[in-house]
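These figures come from a predicted structure and were not determined experimentally.
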Amino acid sequence: MLELTQRDILLGKKASNKQDAIRHIAEDLVQKGLVAEGYGEGMLEREAQNSTYLGNGIAIPHGTTTTRHLVNQTGVQIHHFAEGVDWGDGNTVYLAIGIAAKSDEHLGILKQLTHVLSADGIDDALKSASSEQDILAVLNGESRKGLLFDESVIMLSFPASDLISLTAVCAGKLKNAGAVGEAFVADLVAKIPTNLGQGLWVVSSSKAVSQTAIAFISAQSAFSNNGAEVKGLIAVAASTAEHIEVLNNLSGLVFDGKTSELFTDSPESVVKALTEVRQAGLSQVFKIKNAHGLHARPGAMLVNVAKKFDSKIWVANVSADGAQVNAKSLMKVISLGVKRDHELEFTADGADAQQALDAIGEAIADGLGEGR
């Protein structure tokens with residue numbers, strides 16, 4: 001499996017524009033013996049077709065399918081630009097990861113990067129990085145904690161008869177998990193939870209939060225609060241936006257009248273209900289025939305097709321874990337780790353849903369820019 005290492009990183013690089021940056025990366029790929037002369041032209045051609053900028057100050061310049069024969073060995077060359085390079089469309093790159101891949105070995109790196117690209121402050125961390133270790137720590141996600149939402153912050157069938165008790169337990173769970181401090185606990189207990197309906201309530205605070213986290217407590221027996229039923233409480237500790245997707249899933253459960261899925265007999269079921277909600281709509285399954293799966297270029301083309309339609313569109317890799325993601329997000333699509341012959345299920349919801357599915361199917365059949 002291809003992995004990023006400190007040996008792949010070169011600091012102190014400068015470039016007047018992205019074409020200049022790509023040429024220097026290509027030269028180093030040649031010097032390392034990873035590619036033959038001429039691969040750089042393929043990298044420039046690829047960049048002209050679609051920008052390789054991923055987000056958060058990171059770009060992944062690489063060659064085209066027609067220059068793949070020039071790859072001697074799969075590998076990468078990483079250039080760090082502390083001053084940044086204009087990558088077009090108002091995007092500044094601080095880290096360019098030049099990829100030379102003989103087949104689909106690089107998909108693991110792309111999947112790894114999607115987790116980094118969804119975090120806040122990554123571009124600032126890359127800009128200020130002063131060592132290879134600093135950069136690798138950012139790329140490996142060592143500098144971000146991510147969302148805390150697991151068994152440690154879930155308690156089922158707690159014997160409570162009022163919302164204050166449920167709120168205090170949620171706050172205590174989050175504090176014991178190391179996600180919040182005393183000020184959070186005091187602020188949360190002082191708040192009045194909001195009734196979402198169907199016995200579910202929610203309360204939140206951003207005070208003294210060291211890690212964005214979500215806690216859930218269900219009552220042993222339902223009780224009443226000012227005439228409204230209480231069966232459980234969700235508490236949110238927010239310091240970043242990493243909880244938004246869970247809250248969107250929660251809204252879907254409430255709208256569909258399916259909050260009963262949270263009142264189960266296992267914490268694992270609660271986590272699954274809020275993180276793997278299946279979106280409704282028209283669905284269709286397509287098989288990816290691209291020789292090297294959905295790497296950046298075909299992935300970008302697929303996303304561009306989806307963005308042409310007003311409908312909400314989700315996609316799941318049914319050949320892997322099957323979790324749905326936003327089909328209009330390149331990062332989410334790449335995170336699916338789609339390889340050749342993997343089957344993708346697209347779900348579209350909106351007035352032009354069928355047209356969207358038809359267009360996606362046609363684009364996949366045509367090879368997503370790489371031929372049939």
Decide if atom [atom1] of [X] counts as having more than 12 heavy atoms of other residues, nucleotides or ligands within a radius under 6.0 Å.
X: K289; atom1: NZ; result: yes
X: I164; atom1: CD1; result: no
X: K207; atom1: NZ; result: no
X: K312; atom1: NZ; result: no
X: I244; atom1: CD1; result: yes
X: Q73; atom1: CD; result: no

Please determine whether a side-chain nitrogen of the Lys or Arg among [X] and [Y] lies less than 4.0 Å from a carboxylate oxygen of the Asp or Glu.
X: K175; Y: E182; value: yes
X: K18; Y: D86; value: no
X: K191; Y: D187; value: yes
X: K332; Y: E245; value: yes
X: D20; Y: K14; value: no

- Checking side-chain hydrogen bond (donor to acceptor under 3.5 Å, both in side chains) for the pair E345/W314: CA distance, chi angles, key distance, verdict? CA-CA 8 Å; E345 180 183 35; W314 301 272; over 6 Å; no
Give, for atom [atom1] of [X] and atom [atom2] of [Y], the distance between the pair rounded to the nearest 0.5 Å.
X: H243; Y: L250; atom1: NE2; atom2: CG; result: 11.5 Å
X: L156; Y: I217; atom1: CG; atom2: CD1; result: 8.0 Å
X: T259; Y: L196; atom1: OG1; atom2: CG; result: 9.0 Å
X: Q284; Y: L344; atom1: CD; atom2: CG; result: 12.0 Å

- Message: Could you check whether S311 and D349, counting side-chain N and O atoms only, form a donor-acceptor pair closer than 3.5 Å?
- Response: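 No donor-acceptor contact under 3.5 Å links the two side chains.
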What I'd like to find out is whether the side chain of [X] reaches to under 4.5 Å of the side chain of [Y], using heavy atoms alone.
X: L148; Y: T212; answer: no
X: H62; Y: R46; answer: yes
X: V270; Y: F149; answer: yes
X: L54; Y: W87; answer: no
X: Q77; Y: K32; answer: yes

- Let me see the working for E343 and S319 under side-chain hydrogen bond (donor to acceptor under 3.5 Å, both in side chains), right down to the final yes or no. CA-CA 6 Å; E343 292 189 333; S319 299; 5.1 Å; no
Say whether, by atom type as modelled, one donor and one acceptor occur between the side chain of [X] and the main chain of [Y] under 3.5 angstrom.
X: D134; Y: S130; answer: yes
X: H24; Y: A21; answer: no
X: N17; Y: Q19; answer: yes

- Task: Check step by step if side chain to side chain contact (heavy atoms under 4.5 Å, CB included) holds for K328 and I313.
- Result: CA-CA 7 Å; K328 297 182 181 181; I313 306 173; 4.1 Å; yes
- Message: Applying side-chain hydrogen bond (donor to acceptor under 3.5 Å, both in side chains) to D162 and S165, what does each step give before you reach the verdict?
- Response: CA-CA 6 Å; D162 57 71; S165 297; 2.8 Å; yes
- Can the positive tip of K13 be found less than 6.0 Å from the middle of the six-membered ring of F81, inside 45° of the ring normal?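 No, a cation-pi geometry is absent between K13 and F81.
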- Query: Going hydrophobic residue to hydrophobic residue with side-chain gaps under 4.5 angstrom, can you get from I9 over to V35?
  - Reply: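 They do not share one cluster, since no chain of ILVMFWY contacts under 4.5 Å joins I9 to V35.
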